[in-house]
Amino acid sequence: CAEGLNFFGTCTTGEGIAENGFKKCTDKTREITGRLNCERAAGPDIAAKDAADPADSNLCGPCGCIDGSCSNNLCASNAGDYYSLSGGSCSPHNNGLCGPSNSNLNGHSQSADADSRTNTEKTAKMGRTIHFGPGVHRPGPIQLFSGDRLLIDGGAVVHTSVEICGDDVLIAGFGILDNSGFERGGPPLSLNNIDKSTYTTSFCIKAENRRNITIAGVTVRDACMFALAFYGCRNVVADNIKLIGMWRYNSDGIDFCNSSMCTVKNSFLRNFDDCIVIKGIKGFDSMPVSDILADNCVIWCDWGRALEIGAETCADSIKNIVFKNCDIIHSCHVAMDIQHGDRAQIENVSFLNINAEIFSTLPPAYQNRPEEVYKRPADDYHSLIFVVETMHGMWSQDDKNGSVKKVRFENICVLCDGDPQSLISSRADGSSIEDIVFKNVLINRKKVLAAEDAGITVTGNVKNLNFLP
């Protein structure tokens, strides 16, 4: 193992040192990666070498983690404890962070959960490393506490639902987090009720009131409801994630609810509801929504809105929201949307450098009964392109409506095969929409210099609607 590994296990500097049939691993490697890509030197009798020196924590042990003390791939290390699906037991050594033989990856059944760590460990922000190598794993629900790292190698398929219960958490790797075995509508994870063949939950990856979360590289498949949901969180980064296989209603992509300083970037999202959405939700609405960035993403929206604020906007303010450098390759209801149904004052919203393809498709329809058959209408259906609206609708929970101001659509290129359709409408009592700018917006290569060029219907209390070349 080299000294300069990143969290994906890519060697950057240094050389491993062969010793007793293994390649030696450095403390720095252990600190940065936990266990990734430790290679043992070839030898005729690896099992004998494992048995001869099981406690040397500098060696890559028989289960491949940075440790020689493990059984059934359950390992311990100076950097934290390492759990695997297969359970098993290991010999405590060093700081004794070895998991119990009946460890099931959840909450207080683990020996190194957040409550049992020493003050030194909490100060160092060191938690467990949970690692899944190539193969199919069914650990059930997973809870991550402060400092924990969940690493999913390429070639691994992990059937789970993840609840982030602490700060400074990392989920990374190039494997698949599969939520298909979970049914929508269940309560939050129960620490004492996970021995089921089928789990029910209301999320795939979820965090409430947490800080400093990074999700990088992973593919998320078939979410039972929202794929990634963050409520009252701060400093969240989702980078190079892929959301696929979403066919269940409300399988949103990534929801930032009453959160701030959050980014999703370099990602592909195909979802059967809103793909990237900013919300204000009751219960968290004492916290504002601010400084959210969606950058360099490819969006395929099979239901709902591609890039959206709303429809729930319960907060005092929603501001400094930027969607930029995104390609919307399929849109269902609306491509770029502000659907304002509650009290927040929404301002400083930008849609920048967006490409969108709006082509005729089958109109969306609810199936109310299993036996109900979809009837194809005679007319073609097209998604709306731009929507900015204030309304009091089915998702509204506040008694009054806020207003929208300072929204910018700039460097937008839209291709469509029908007449473009958009809406700017202030129809909620006491609300207004003002200072909306369209600059360098092209639809079918034609500059939009007036509302009719984009098929924009304007109603209600709308002020200062500007079109610039």
Side-chain angles (χ1 to χ4, degrees), residues 164 167 188 202-203 205-213 225-238 250 252-264 273-295 304-324 334 336-351 387-408 424-436 460-461:
I164 298 172
D167 300 336
S202 57
F203 57 88
I205 299 175
K206 177 184 178 182
E208 296 182 0
N209 302 313
R210 301 301 170 190
R211 303 292 180 268
N212 307 327
I213 298 168
M225 199 170 169
F226 296 172
L228 284 74
F230 302 97
Y231 300 85
C233 294
R234 186 177 179 86
N235 295 332
V236 176
V237 176
N250 277 147
D252 287 18
I254 182 164
D255 292 60
F256 294 117
C257 308
N258 302 93
S259 296
S260 60
M261 302 297 293
C262 299
T263 298
V264 53
D273 210 338
D274 311 323
C275 290
I276 300 177
V277 55
I278 318 306
K279 295 179 180 287
I281 299 293
K282 277 296 183 186
F284 299 89
D285 56 325
S286 62
M287 292 172 279
V289 185
S290 68
D291 302 289
I292 309 292
L293 171 65
D295 184 17
R305 277 73 174 165
L307 304 175
E308 180 184 29
I309 296 174
E312 304 93 331
T313 52
C314 297
D316 291 336
S317 64
I318 298 176
K319 63 183 180 180
N320 304 333
I321 312 299
V322 177
F323 303 93
K324 69 175 186 177
V334 185
M336 290 161 272
D337 181 50
I338 299 176
Q339 189 181 185
H340 187 10
D342 292 293
R343 74 177 192 272
Q345 299 301 315
I346 299 178
E347 62 180 317
N348 295 332
V349 179
S350 298
F351 295 84
V387 170
V388 180
E389 64 174 334
T390 65
M391 48 77 185
H392 200 80
M394 63 182 295
W395 304 111
S396 299
Q397 298 185 58
D398 283 333
D399 294 332
K400 64 177 183 178
N401 278 84
S403 297
V404 180
K405 64 179 181 180
K406 297 182 180 177
V407 178
R408 192 172 191 88
I424 299 178
S425 173
S426 176
R427 52 193 175 93
D429 293 342
S431 68
S432 65
I433 296 173
E434 57 185 292
D435 300 327
I436 310 299
N461 187 13

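Heavy atoms only: backbone and side chains are in, while hydrogens, waters and symmetry mates are out. On a predicted model such as this, the values are computed, not experimentally measured, just so you know.
Contact detail for Ala428 and His392: the closest heavy-atom pair is CB-N, 4.3 Å. Among all heavy-atom pairs drawn from Asp398 and Arg343, the shortest one is OD2-CG, 3.0 Å. Considering every non-hydrogen atom in both Ser260 and Ile292, the closest pair reads CA-CD1, 4.1 Å. Among all heavy-atom pairs drawn from Ala227 and Gly253, the shortest one is CB-O, 3.3 Å. For the pair Arg210 and Ile213, the tightest heavy-atom approach, listed with the atom from each and the gap, is CB-CD1, 3.8 Å.
The backbone N or O of Gly393 sits less than 3.5 Å from a side-chain atom of Ser396, completing a donor-acceptor pair. In terms of modelled atom types and a separation under 3.5 Å, the side chain of Ser431 and the main chain of Asp429 share no donor-acceptor contact. With hydrogens and angles disregarded, a donor-acceptor distance shorter than 3.5 Å links the side chain of Asn401 to the backbone of Met391. Here the side chain of Ser259 pairs a donor or acceptor atom with the backbone of Cys233 at under 3.5 angstrom. Remark: side-chain polar atoms of Thr313 are paired, donor with acceptor, to backbone N or O of Gly341 under 3.5 angstrom. Under a 3.5 Å cut-off, the side chain of Asn212 and the backbone N or O of Asp167 do not form any donor-acceptor pair.
To the nearest 0.5 Å, atom CG of residue Asp316 and atom CG of residue Asp342 are 12.0 Å apart. Put simply, CD1 on Ile318 and CD1 on Ile278 are 8.5 Å apart, with the number rounded to the nearest 0.5 Å. Rounding to the nearest 0.5 angstrom, the gap separating the CD atom in Gln339 from the CD atom in Glu308 is 5.0 Å. Atom CZ of Phe226 is separated from atom CD1 of Ile254 by 12.0 Å, given to the nearest 0.5 angstrom. Once rounded to the nearest 0.5 Å, the distance linking NZ of Lys279 with CG of Asn258 reads 11.0 Å. Distance CG/Asn461 to OG/Ser425: 10.5 Å, rounded to 0.5 Å.
Look at Glu208 and Lys206 and you find a salt bridge, because one of the NZ, NE, NH1 or NH2 atoms lies within 4.0 Å of a carboxylate O, short of that distance.
For Phe256, the ring-ring contact (aromatic ring centres under 6.0 Å, His included) partners at least two apart in sequence or on another chain are Phe230.
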Ser403 and Glu434: CA distance, side-chain angles, deciding distance, side-chain contact (heavy atoms from CB on, under 4.5 Å) verdict:
CA-CA 8 Å; Ser403 297; Glu434 57 185 292; 5.8 Å; no
Quick one, Arg408 with Ser350, criterion side chain to side chain donor-acceptor pair (under 3.5 Å). Give me CA distance, side-chain angles, the key distance, then yes/no.
CA-CA 5 Å; Arg408 192 172 191 88; Ser350 298; over 6 Å; no
